[in-house]
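One structure is given below, encoded as structure tokens.
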Amino acid sequence: MNHPKSDSKNTKNKTNTQENDNNTSDTNFIRQAIEEDIAANRFDGRVHTRFPPEPSGYLHIGHAKAICISFGIAEDYGGLYNLRFDDSNPITEEHEYVEAIKRDVHWLGFDWEEREFYASDYFETLYEYAVKLIEKEKAYVCDLTPDEMRTYRGTLVAPGKDSPYRNRSVEENLTLFNGMRNGEFPDGSRTLRAKIDMASPNLNMRDPVMYRVLRAPHYRHGTNWCIYPTYDFTHGQSDSIEGVTHSLCDVQFEDHRPLYDWFLESLEIYQPRQIEFARLNLTYTVLGKRKLKVLVEEGHVNGWDDPRLPTLAGMRRRGYTSESIQNFCNRIGVSKADNLIEIGQLEYSIRDDLNRHAPRVMAVLNPVKVIIDNYPEGQVEMLDADNNPEDKDAGTREIPFSREIYIEREDFMEDPPRKFYRLAPGREVRLKHAYYITCENVVKDANTGEIVEIHCTYDPKTRGGWSDDGRRVQGTLHWVSAEHAVDAEVRLYDSLFTEREPENAADGTDWIQFLNPDSLEILGNCKVEPSLVDAPPESRFQFLRIGYFCVDPDTTADKLVFNRTVPLRDSWAKIQKGQK
RNA sequence: AGGGCGGUGGCCAAGCGGUAAGGCACAGGUCUUUGGAACCUGCAUGCGUAGGUUCGAAUCCUACCCGCCCUGCCA
């Protein structure tokens with residue numbers, strides 16, 4: 001597997017090179033807490049974190065934030081980090097997801113080495129822990145039905161009341177719990193509960209369920225178990241078993257921390273420290289596995305790796321680099337405050353990366369033919385072109401030029417508005433890396449009026465795009481030699497939702513109704529320069545003056561398929577808007 | 001008898017009693033063989049509100065307002 005060290009070294013300023021020096025804050029409340037713990041020699045000065053996904057879906061950009069925080073911090077303090085699958089609910093979990101998660105975490109740039117764990121591998125230990133709590137009279141078997149339990153739990157403002165089964169003897173509880181494990185009772189008929197405080201203002205402390213009877217095969221342990229521990233009875237103990245020092249999680253678990261601590265203290269086992277931070281929210285999309293699952297399963301998108309999805313698999317296919325995602329996560333920072341990050345922030349991160357690294361190439365998405373009347377028929381010249389003006393080491397390549405070329409249809413206007421610097425009748429422009437050309441006339445389709453050919457003349461003395469007489473042209477166009485062009489399909493993506501906050505849009509409205517019907521546009525008649533013929537899937541390019549694109553795995557020997565990762569910033573579009 | 005956590009520019013986010021960092025966005029400008037990039041400049045007399053303590057408050061105190069999370073045998 002290939003996940004170079006350098007990939008995972010840019011999580012903090014002090015480890016940054018000029019490669020990605022943004023002005024990311026060097027500190028946050030989690031790092032401060034850890035530094036205090038180190039200073040106080042708590043945990044013997046160790047730092048050991050974990051990322052605990054449930055294998056019930058694909059990872060998304062929100063998980064990337066969590067991974068960058070947990071793993072990035074461990075790296076920065078010379079600590080260790082574990083990948084642990086939190087797989088205590090057999091109903092939702094599948095092996096496919098563990099493979100996908102591992103692939104995505106590696107791709108993101110983190111290597112958990114041999115520290116790959118599964119909470120379900122602790123089931124036996126967890127069972128023993130449960131027995132221990134029963135013996136300490138801190139847990140009991142309860143026969144209440146789910147409905148009854150809800151009633152007994154009370155409400156947000158009213159205390160609950162004790163279960164009638166709360167005072168069973170240790171003996172009876174032991175027998176019953178063993179019976180639960182041995183399959184003597186039907187699903188849902190009994191639970192093992194922690195005996196805490198039914199009047200606690202924290203509902204998590206009102207005798208929470210530790211075990212449920214559930215006859216569902218576990219993807220990893222088959223039918224070995226018919227009782228499964230709940231998250232609350234699994235998570236802290238798993239952290240404890242693994243020697244985790246700092247268990248970093250979502251703020252939604254703040255209310256669970258007293259319970260996390262209660263189990264570990266009652267069990268008298270090693271106790272990590274849980275610290276919570278705010279989850280990521282992004283404009284114009286939805287995050288959260290349940291919602292993404294709906295999009296995938298109801299066919300609103302084409303699978304978990306649909307490039308429109310904020311999943312890591314989708315973003316990878318879209319053309320995002322792992323570096324750009326890590327930088328994004330570092331840039332947005334960490335706090336406990338609710339946040340809604342603008343999607344532009346993510347786009348900035350990928351442009352910033354690709355600008356420095358993506359080879360420039362010429363591609364015409366919506367071609368119109370240009371015929372250079374004074375260029376010799378049949379002649380072909382090879383012209384030198386920079387691969388990347390931002391990177392001197394990127395070198396040059398040769399591109400063919402000939403009498404007939406394609407340019408972008410929108411780069412020509414018969415009746416151009418003010419500030420339109422491109423081709424128009426009588427106007428001279430530069431063909432990038434090639435020659436100055438002047439438009440002489442156009443040929444239109446007799447029926448539709450559509451322009452089918454633009455006739456130009458070129459100035460042979462401007463080879464390479466320079467003139468030595470001081471003459472300047474305002475516009476520079478990209479182009480592709482018609483004879484040499486390679487056909488391609490290009491997929492343009494727009495945001496998946498039309499609302500900035502699809503989940504909060506108007507009360508009572510379903511977020512799904514805000515799906516953008518135009519989130520995918522397929523261009524089937526694109527012309528790209530011949531150097532791209534053998535570009536492998538996932539290779540990334542800047543299509544000059546258009547945007548960043550990557551080769552989609554749908555590409556076949558006779559059809560190139562590109563995904564637009566993100567367009568270039570377009571100040572002409574802004575001017576146009578202003579003119580309207 | 002509710003509890004927990006938050007509130008610093010349009011969006012994020014530093015700050016931790018000594019006079020509001022930084023990034024994104026936005027607006028001007030320079031440069032340019034990408035209307036890209038880069039570079040320069042501008043952008044909170046203000047930190048939810050009101051009081052109080054202090055020589056000095058975003059930081060401390062009090063009260064209030066607003067937002068989010070919690071009533072699964074999900075995680």
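When reading the values below, keep in mind they use all heavy atoms of this one structure, side chains included, and skip hydrogens, waters and symmetry mates. Chain identifiers are assigned alphabetically (A, B, ...) following the order of the sequence lines, protein sequences preceding nucleic acid strands; residue numbering begins at 1 within each chain.
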Taking any heavy-atom pair under 4.0 Å as a contact, classify [X]: base, sugar-phosphate, or nothing.
X	answer
A:I341	sugar-phosphate
A:Q542	base
A:D338	sugar-phosphate
A:H433	base
A:K289	nothing
A:T191	base

Notebook entry, point to check: Counting side-chain heavy atoms from CB outward, which of B:rC26, B:rG10, B:rG35 is closest to A:S571?
Noted result: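 So the nucleotide nearest the side chain must be B:rG35.
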Check: Which nucleotide, B:rC11, B:rC26, B:rA75, lies nearest any side-chain atom of A:T230?
Finding: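 Given the options B:rC11, B:rC26, B:rA75, the side chain of A:T230 is closest to B:rA75.
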Item checked: Pairing nucleotide - B:rG6, Watson-Crick or G-U, each distance under 3.5 Å ->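 B:rG6 is paired with B:rC66.
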Quick one: does [X] reach the base of [N] with a side-chain donor-acceptor pair under 3.5 Å?
X	N	value
A:Q32	B:rC16	yes
A:R569	B:rG35	no
A:N202	B:rG4	no
A:E390	B:rG36	yes

OP1 or OP2 of [N] under 4.0 Å from side-chain N/O of [X]:
X	N	value
A:R150	B:rG72	yes
A:S88	B:rA75	yes
A:R190	B:rC73	no
A:R212	B:rC74	yes
A:S335	B:rA13	yes
A:R84	B:rA75	no

Item checked: Cation over ring face, A:R351 and A:Y548, 6.0 Å, 45° ->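 Because its charged atom misses either the 6.0 Å distance or the 45° angle limit, A:R351 does not stack over A:Y548.
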Next item on the list: Look at the aromatic rings of A:W225 and A:Y127 and report parallel, tilted or perpendicular, splitting at 30° and 60°.
Entry: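 The arrangement is tilted - the two ring planes meet at 30° to 60°.
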Next item on the list: Fit a plane to each ring of A:H95 and A:Y219, take the angle between them on a 0 to 90° scale, and name the class: parallel (under 30°), tilted (30 to 60°) or perpendicular (over 60°).
Entry: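 Geometry flag for A:Y219 against A:H95: tilted rings.
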Note to self: Regarding A:E428 and A:R471, does a basic nitrogen lie under 4.0 Å from an acidic carboxylate oxygen?
What the structure shows: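 A salt bridge is present here (some side-chain N lies under 4.0 Å from a carboxylate O).
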Notebook entry, point to check: Has the side chain of A:D87 got a donor or acceptor atom that lies under 3.5 Å from a matching backbone atom of A:S120?
Noted result: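 Pair found, side chain donor or acceptor close to backbone of A:S120.
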